[in-house]
Amino acid sequence: MPRARIGLWLSLTLRSTRSLCRAGFMEGQPQGPPNPAGMENGTEPCGEERASEAQETTVTEGAAKIAFPSANEVFYNPVQEFNRDLTCAVITEFARIQLGAKGIQIKVPGEKDVQKVVVDLSEQEEEKAELTKGATLAPGDQPRTAAVGEICEEGLRVLEGLAASGLRSIRFAREVPGLQSVVANDASARAVDLMCRNVQLNAVAHLVHPRQADARMLMYQHQRASERFDVIDLDPYGSPAPFLDAAVQAVSEGGEATLTWAQSRARGFRRILAAQAFLAGLLCVTCTDMAVLAGNSGETCYSKYGAMALKSRACHEMALRIVLHSLDLRANCYQRFVVPLLSVSADFYVRVFVRVFTGQAKVKASASKQALVFQCVGCGTFHLQRLGKASGASGGRVKFSAACGPPISPECEHCGQRHQLGGPLWAEPIHDLDFVGRVLQAVSTNPGRFHTSERIQGVLSVITEELPDVPLYYTLDQLSSTIRCSTPSLLQLRSALLHAGFRVSLSHACKNAVKTDAPSSALWDIMRCWEKECPVKRERLSEASPAFRILSVEPRLQANFAVRDDANPSSRQRGLKRFQANPEANWGPRPRARPGGKAAGEAMEERRRLHQNKRKEPAEDPVQRAARLKSFPCKRFKEGTCQRGEQCCYSHSPPTPEDTAAAASPDHPKTSYQNPPGSGVAAGPGVD
């Protein structure tokens, strides 16, 4: 009993002391009225501390103006402006479709207010076109509009789970019409305080509501159908894997389209159902852990995304398909499934836009959408094996069963090497070409809306040219290096595939990609025919090498390398900006934001310089290199043919008697005088 009383007395004493300290601290703080917006969103009022102007940087991007500290306390990467521009364009078109089904037209700044005329459309495309017109077809109904910066009561509810400085959320509020609210969340108190200041700076406090919370707990708290978000944007530092489970539960179904009786009669009940079918939440996810997704650490990729990544030339598209597989796998746990709208591999990250639906019957088809990858370690040939099989049954039903396999033998049929097993990954199309076409048309007709409009047009143009039903791709350098021959031009290889009756396209993920439905045997036959035109020295090839085994087989297909007109894609003919050029020095992933972060000054630049090419030999000092080369006599000067005189990097002084006697001795090695570095012999580092 005495011990219990002592413990109770200590707890009461500590509690009273803590309350007195808190009261004393609050006495010195200015008391102001509470912030209704902050209390409504479950956050404390924004702090009153203001950093000095010398410690802050102001950035203008799009229609937003952001102030953030120069110290690395809040994360910001200017290279991802393309990511943010593309997201604004995608959400704008998504809002156009969603609100158009409710009879609301959106007004985008810079777009001409004209009625679009659509001709020669199929029945399905005509239904989608009429959905975008909303209620304008019904006589006597006045169309409702939604403008940028205004609250739309039936608009989209957007969540940015990891907002940092709030730049993306503020751009949504100032550039995307048809929004009801934008919740900008971050777990960092410093970031939330900065968001509050930036929201006030851009006058979007009526739309953007900063909130400090764990993104996962915030999304778990919005699992009810009435509280879900229409759009969830996740752009974390590194992997989004910890947030995906909560995200697929917090994204909404989109609701039902509310139409008048006149509109119902004008469109038909079937078209109303088509409008409701398109209504679904939009999930936008960015992954910057490309080292994991590209196969450098397959076991880590499995722990995060549930799939084994392989080192492959098609690693960037494989990364996209692994992320889509992970999203669909997590959604299936809750009787939901994903439908990709747009999947982009750019710079040092991948970005996917998917719709999330609920349907127990359609979830059963998810297994048949995933596939394993068998990739040869010798020649790089790959084969896909579906996990499930969907077949038609009597009465129009679909029967699902396990797939049969594997599709290959233990050894590669072309080079005899073994196979690596990767996946599972998403084997269905990774883009909705109709939706991509809408985004491309909107950006092309209003190029002044985004700073990266040229690159958006180029990337989306290549995506519309991709073969949607062909997963992964080969590359030109991969095919030619395997058989040790010169590389054919892109047009020659594409023409050979087209002459053979196969389809072929580029890929936005790699500029040397060859995406084709031709079997691997036909592809290697074409490369064998190319080797006959540009032969390699067979005697230098090892009999166990993939090149020797592939070239030892005669081609059964006679390739025609005459360039065809349709071999050159439209995006290449127009010279569009399809792939990124280096935007700035030391660009790429930025360091993680840390509390009280250090400014990126000279110390950071010196650290970056030391880490660049750290696996290569350090460059030699020019002065030391010149002094070292002067220690070697010039061979051409000895022959009387050197014309550089004093500008020659080698010594022109006559050899000393000791050197002559040493050179005449039979035991003296003559290689240092006969073959000085750079005198035309391949073994030297000189520049003569």
Side-chain angles (χ1 to χ4, degrees), residues 124 127 219-220 223-225 228 230 232 240-241 243-256 270 272-283 285 302 304-308 317-318 320-343 352-374 383-407 421-435 468-472:
Q124 182 180 4
E127 292 172 0
M219 289 186 286
Y220 280 133
Q223 295 183 15
R224 293 184 179 180
R228 292 174 178 171
D230 300 310
I232 295 180
F243 309 98
L244 298 184
D245 182 79
V248 296
Q249 300 181 66
V251 66
S252 71
E253 290 288 335
E256 296 184 356
R270 183 172 54 84
I272 298 177
L273 294 180
Q276 296 179 1
F278 192 87
L279 296 176
L282 177 65
L283 185 57
V285 181
Y302 180 82
K304 292 183 177 181
Y305 301 98
M308 285 292 294
E317 183 177 331
M318 189 178 294
L320 287 171
R321 295 183 179 275
I322 287 176
V323 174
L324 292 175
H325 158 75
S326 182
L327 285 170
D328 192 60
L329 185 63
R330 285 168 167 81
N332 292 163
C333 299
Y334 310 101
Q335 302 300 320
R336 312 192 82 180
F337 61 97
V338 303
V339 176
L341 283 180
L342 175 62
S343 305
V352 296
F353 302 87
V354 300
R355 291 179 293 163
V356 182
F357 294 90
T358 301
Q360 183 177 3
K362 292 189 176 181
V363 168
K364 297 180 180 180
S366 292
S368 60
K369 299 177 182 177
Q370 321 298 326
L372 297 172
V373 181
F374 293 87
H383 301 270
L384 268 66
Q385 169 64 59
R386 297 274 182 157
L387 292 182
K389 180 181 179 182
S391 56
S394 59
R397 296 180 296 108
V398 179
K399 181 180 179 181
F400 301 100
S401 59
C404 300
L421 182 62
L425 49 80
W426 182 266
E428 292 294 303
I430 60 177
H431 313 290
D432 185 339
L433 295 183
D434 292 336
F435 182 82
D469 55 342
V470 179
L472 307 183

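For the numbers below, each heavy atom of this structure counts, side chains included, while hydrogens, waters and symmetry mates do not. Because the structure is a prediction, the values reported are computed rather than measured.
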**OP:** Using a 4.5 Å cut-off on heavy atoms from C-beta on, say whether the side chain of Y305 contacts that of H325.
**Re:** no
**OP:** Please name the pair of heavy atoms, one in L341 and one in R355, separated by the smallest distance, quoted to 0.1 Å.
**Re:** CD2-NE, 3.6 Å
**OP:** Measure the SG-NZ distance between C404 and K389 for me, rounded to the nearest 0.5 Å.
**Re:** 6.0 Å
Original post:
Within the distance-only criterion (no hydrogens, no angle test), does the side chain of D328 pair as donor or acceptor with the backbone N or O of L324 below 3.5 angstrom?
Top reply: no
**OP:** May I ask you to test the W426-Q370 pair for a side-chain heavy-atom distance under 4.5 Å?
**Re:** yes
**OP:** Measure the CZ-OG1 distance between F337 and T358 for me, rounded to the nearest 0.5 Å.
**Re:** 8.0 Å
Original post:
Are the side chain of S343 and the backbone of I430 linked by a donor-acceptor contact shorter than 3.5 Å?
Top reply: yes
Subject >> Backbone N/O of V248 and side chain of R330: donor-acceptor pair under 3.5 Å >> reply: no
Subject >> Student check: side-chain heavy atoms of P340 and H431 closer than 4.5 Å >> reply: no
Subject >> Check: R228 side chain, Q223 main-chain N or O, donor-acceptor pair, under 3.5 Å >> reply: yes
Subject >> Heavy-atom check, side chain of R386 versus side chain of S368, under 4.5 Å >> reply: no
Original post:
Is there a side-chain contact between V352 and V338, using heavy atoms and a 4.5 Å cut-off?
Top reply: no
**OP:** Over all heavy atoms of both residues, which pair between M219 and F243 is shortest? Give the atoms and the distance, please.
**Re:** CE-O, 3.7 Å
Original post:
Got V398 and K364 here, is their nearest side-chain heavy-atom distance under 4.5 Å?
Top reply: no
Original post:
Taking all non-hydrogen atoms of both residues, which atom of Q385 and which atom of G405 are closest, and how far apart?
Top reply: OE1-CA, 3.4 Å
**OP:** Search all heavy atoms of M308 against all heavy atoms of L421 and return the closest pair with its distance.
**Re:** CB-O, 4.4 Å
**OP:** Drop me the distance from I322's CD1 to L329's CG, to the nearest 0.5 angstrom.
**Re:** 12.5 Å
Original post:
Crowded around Y334 OH? As in, over 12 foreign heavy atoms under 6.0 Å?
Top reply: yes
Original post:
Do the side chains of V251 and L282 get nearer than 4.5 Å, heavy atoms only?
Top reply: no
**OP:** Kindly compute the distance separating CG (L327) from CZ (R336), expressed to the nearest 0.5 Å.
**Re:** 12.0 Å
Subject >> Shortest non-hydrogen contact from A427 toward A371 >> reply: CB-CB, 3.7 Å
**OP:** Over all heavy atoms of both residues, which pair between G423 and L372 is shortest? Give the atoms and the distance, please.
**Re:** C-CD2, 4.0 Å
